[in-house]
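The next block holds one structure in the form of structure tokens; read it before the comments.
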Amino acid sequence: MDLLVRGCWLLWVAAAASARGEPGGSKSRSCAEVRQVYGAKGFSLSGVPQAEISGEHLRICPQGYTCCTSEMEENFANRSRSELEGALRETSRSVQVMLSTQLRNFDGHFQDLLNKSERALQDTFPGTHGDLYTQNSRLFRDLYSELRRYYRGANINLEEALAEFWARLLERLFKQLHPQYVLPDEYLDCMGKQAEAYKPFGEAPRELKLRATRAFVAVRSFVQGLGVAIDVVRKVSQVPLGQECSRAIMKLLYCSHCLGVQSPQPCSGYCRNVMKGCLANQADLDTEWRNLLDSMLLVADKFDGQTSVESTIGTIHVRISEAIAALQDNKDTLTAKVFQGCGNPRVSGKGTGGEEKRRRGKPVVEEKPSGVGLEKLVSEAKAQLRDARDFWVSLPGVLCTEKVAMSSSLDERCWNGMTKGRYLPEVMGDGLASQINNPEVEVDITKPDMTIRQQIMQLKIMTNRLRNAYNGNDIDFQDTSDDISGSGSGDGCLDEVCGRRLSKSQSTRQPETHAIPKLSEQDGSGAPSCTRPSSLLLPLALAAAWSLGR
């Protein structure tokens, strides 16, 4: 038996020597190539063989004549893992940059719409409505403040916020229009309970409620969806790879150097199996990632049309102006109905109001937002979100095709992990469950990565919110976890106000619990800014990270 084993061993060594171009294996080869590669990685050349030695000590590479010691094999394995982790971060960075750019563009556009509407109100209402505005300017500022808080993620019922604004506005304007009467709180409460039947502001409140709630629900969920996507990519890109992955990557990239195989290109199928095993957990994000992006695409469709986001948010001041005008026009009718329903109030003796109260002009013409139009933003976002749909399952192919394995599937002289030759095993499917029979990476399919599982749940939660928003339904964001809200992730809010618990006088609504992630001064993802964002699936930075010195 010993003779048989020794005979097989000699045949294998002869075959390996032949693959290295050594007929009969009679001449020991120089280790100059692997010394060059090893030194280029920053390792000391002390102890690196000058010529091939016997390789019984190897634990990852095939045990033949070799230029690698046990220490070199371990160093190569550790470096392999750090290089792959760096490559994944660079690949993910391109997606983060894209999503952060979209977040910045949309958030800036929506904020600009709201800011311009408020400025138009402040600039034109004093001349249009006189004291009816100037004596109640704080009330209008509070409305826009509430709208901003809602947009940023505060746990506010928007319909109730609008209803409260109209109720308070009615009380104040009715008192201003009737200074000759004493109108205590009890009387105003009576009037408020019947206000819906009176329709003192005409149809403006109802129209604003229908259009504004749908618009704000849509824009808030869309921008928050971008924030969640950024956070998921960032966290998943930081998930460390396992020991078995580092061994498989080392064998893929460096064992050919140790064995002296001349300038091999890893077989395509071999590389894909290694990457699919190493990135099995990441691939499991695919279903919920696609669901999230598809839901965002649907919500983006709501931004246009007859009741578009631009015409709704950008003309809030116009609706308010129309409402005040309707109240002035219907003053006598309203007064008669209120007196009939709540009784005649006591005369105060102050006399009637001046003519200023009736000063009125045409409703304020809407302003167009500056910068890139929403239609163009939506078009660009849709194209980029569609490109990113298969990001997680495309990673193995991207890393192999572009940066590691340049051999074609028909190349029968590629590096197959043992020598130059065909790679025979089939390529595994995507995801953890598909790796049970992976021939290159030992994957425990019973132990999924918990960080990635948490991110899958975050995607599900956000997708549910987007689908509700698509149907025009406002939902409670108070159950949002710290990871999504940013309170535990370091993403923060869009501004300083967002991070504080704001108290609102004369309101019982809760402080905000969900914030839109703050964009950094770099690229919004916490990563250094890029002057030219790289392609989603072909990151240029991988070239340096995967340089092998071949």
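As the structure is a computational prediction, the values presented were derived from the model and not from experiment.
- Proximity of a side-chain donor or acceptor of D430 to a complementary backbone N or O of A283 within less than 3.5 Å is not detected.
- Here the straight-line distance linking atom CG of L226 with atom CE of M462 works out to 9.0 Å at 0.5 Å rounding.
- For Q194, the CD atom sits in a packed shell: over 12 heavy atoms of surrounding residues, nucleotides or ligands are nearer than 6.0 Å.
- Among all heavy-atom pairs drawn from A204 and A323, the shortest one is CB-CB, 3.8 Å.
- The distance from the CG atom of D390 to the CG atom of L395 is 9.5 Å, given to the nearest 0.5 Å.
- Checking side-chain atoms of Q435 against main-chain N and O of G429 turns up a donor-acceptor pair under 3.5 Å.
- A donor-acceptor pair under 3.5 Å links the side-chain atoms of N157 to the main chain of E160, judged by distance alone.
- Taken from CG in N291 to OG in S295, the straight-line distance is 6.0 Å, to the nearest 0.5 Å.
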> Checking side chain to side chain contact (heavy atoms under 4.5 Å, CB included) for the pair S308/L374: CA distance, chi angles, key distance, verdict?
Replying inline: CA-CA 10 Å; S308 70; L374 184 59; 6.0 Å; no
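- K382 NZ: more than 12 foreign heavy atoms inside a 6.0 Å radius.
- Heavy atoms only, all atoms of each residue included: V299 and S221 are closest at CG1-OG, 4.0 Å.
- Considering all non-hydrogen atoms of both residues, A154 and R220 come closest at O-NH1, 3.0 Å.
- For D107 (side chain) and L103 (main-chain N/O), no donor-acceptor pair under 3.5 Å exists by modelled atom type.
- With respect to E90 and R93, a salt bridge is recorded, a charged nitrogen being found less than 4.0 Å from a carboxylate O.
- Using a 4.5 Å cut-off on side-chain heavy atoms (C-beta onward), R319 and K209 make no contact.
- Put simply, the side chain of Y133 does not reach to within 4.5 Å of the side chain of T128, judged on heavy atoms.
- Taking 4.5 Å as the limit, every side-chain heavy atom of S137 sits out of range of all side-chain heavy atoms of F125.
- Surrounding CD of E196 are at most 12 heavy atoms belonging to other residues, nucleotides or ligands under 6.0 Å away.
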Let me have the donor-acceptor pairs involving side chains of residues 333-347, under 3.5 Å, with sequence neighbours excluded, atom names and distances please.
unit_1, atom_1, unit_2, atom_2, d
T335, OG1, H178, NE2, 2.7
T335, OG1, K331, O, 2.8

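- Atom CZ of R453 and atom CG of D284 lie 4.5 Å apart (nearest 0.5 Å).
- Counting only distance, with no hydrogens or angles, the side chain of W392 and the backbone of R290 share no donor-acceptor pair below 3.5 Å.
- Nearest heavy atom pair, residue A87 against residue L399, reads CB-CD2, 4.4 Å.
- Considering every non-hydrogen atom in both N136 and D131, the closest pair reads ND2-O, 4.2 Å.
- At a threshold of 4.5 Å between non-hydrogen side-chain atoms, the residues I316 and L114 count as touching.
- Residues H317 and R119 have side chains not in contact (no heavy-atom distance under 4.5 Å, counting atoms from C-beta outward).
- In terms of heavy atoms, H129 sits closest to A325 at CE1-N, 4.4 Å.
- Here E203 pairs with K199, R206 under the salt bridge (charged side-chain N to carboxylate O under 4.0 Å, His left out) rule; sequence neighbours left out.
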> For Q455 and E288, what are the C-alpha separation, side-chain angles and deciding distance, and is it a side chain to side chain contact (heavy atoms under 4.5 Å, CB included)?
Replying inline: CA-CA 9 Å; Q455 299 314 303; E288 295 305 327; over 6 Å; no
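- Side-chain contact between Y151 and V223: present, with at least one pair of heavy atoms (C-beta onward) separated by less than 4.5 Å.
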> How far apart are the C-alpha atoms of Q102 and M296, what are their side-chain angles, what is the distance that settles it, and do they pass the side chain to side chain contact (heavy atoms under 4.5 Å, CB included) test?
Replying inline: CA-CA 12 Å; Q102 294 297 336; M296 291 178 65; over 6 Å; no
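- Annotation: the span from E159 atom CD to L210 atom CG amounts to 8.0 Å, rounded to 0.5 Å.
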>> Let's go through K193 and D189 carefully: what are the C-alpha distance in whole Å and the side-chain angles of both, what is the deciding distance for salt bridge (charged side-chain N to carboxylate O under 4.0 Å, His left out) to 0.1 Å, and is it a yes or a no?
In response: CA-CA 6 Å; K193 291 177 182 179; D189 288 341; over 6 Å; no
> Does the ring-ring contact (aromatic ring centres under 6.0 Å, His included) test come out yes or no for F303 and F222, once each step is laid out?
Replying inline: CA-CA 10 Å; F303 292 169; F222 184 82; 5.3 Å; yes
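- Counting only distance, with no hydrogens or angles, the side chain of S100 and the backbone of Q96 share a donor-acceptor pair below 3.5 Å.
- The backbone N or O of L241 lies less than 3.5 Å from a partner atom in the side chain of E85, making a donor-acceptor pair.
- Ring pair W289/F391 is tilted by interplanar angle, where 30° to 60° counts as tilted.
- Counting heavy atoms from C-beta outward, H109 and V309 have side chains that stay 4.5 Å or more apart.
- In this structure, T315 OG1 and I320 CD1 are separated by 10.0 Å, a value rounded to the nearest 0.5 Å.
- The shortest distance between side-chain heavy atoms of W166 and L208 falls below 4.5 Å.
- Using cut-offs of 30° and 60° for the angle between ring planes, the F106 and F110 rings count as tilted.
- Remark: side-chain polar atoms of N105 are paired, donor with acceptor, to backbone N or O of T101 under 3.5 angstrom.
- Judged by distance alone, with hydrogens and angles left aside, the side-chain atoms of D449 form no donor-acceptor pair with the main-chain N or O of N281 at under 3.5 Å.
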> Under the side chain to side chain contact (heavy atoms under 4.5 Å, CB included) criterion, do D142 and R168 qualify, and how do the steps go?
Replying inline: CA-CA 11 Å; D142 286 348; R168 293 171 63 192; 3.8 Å; yes
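- Judged purely by atom type and a 3.5 angstrom limit, S92 uses its side chain to pair as donor or acceptor with the backbone of L88.
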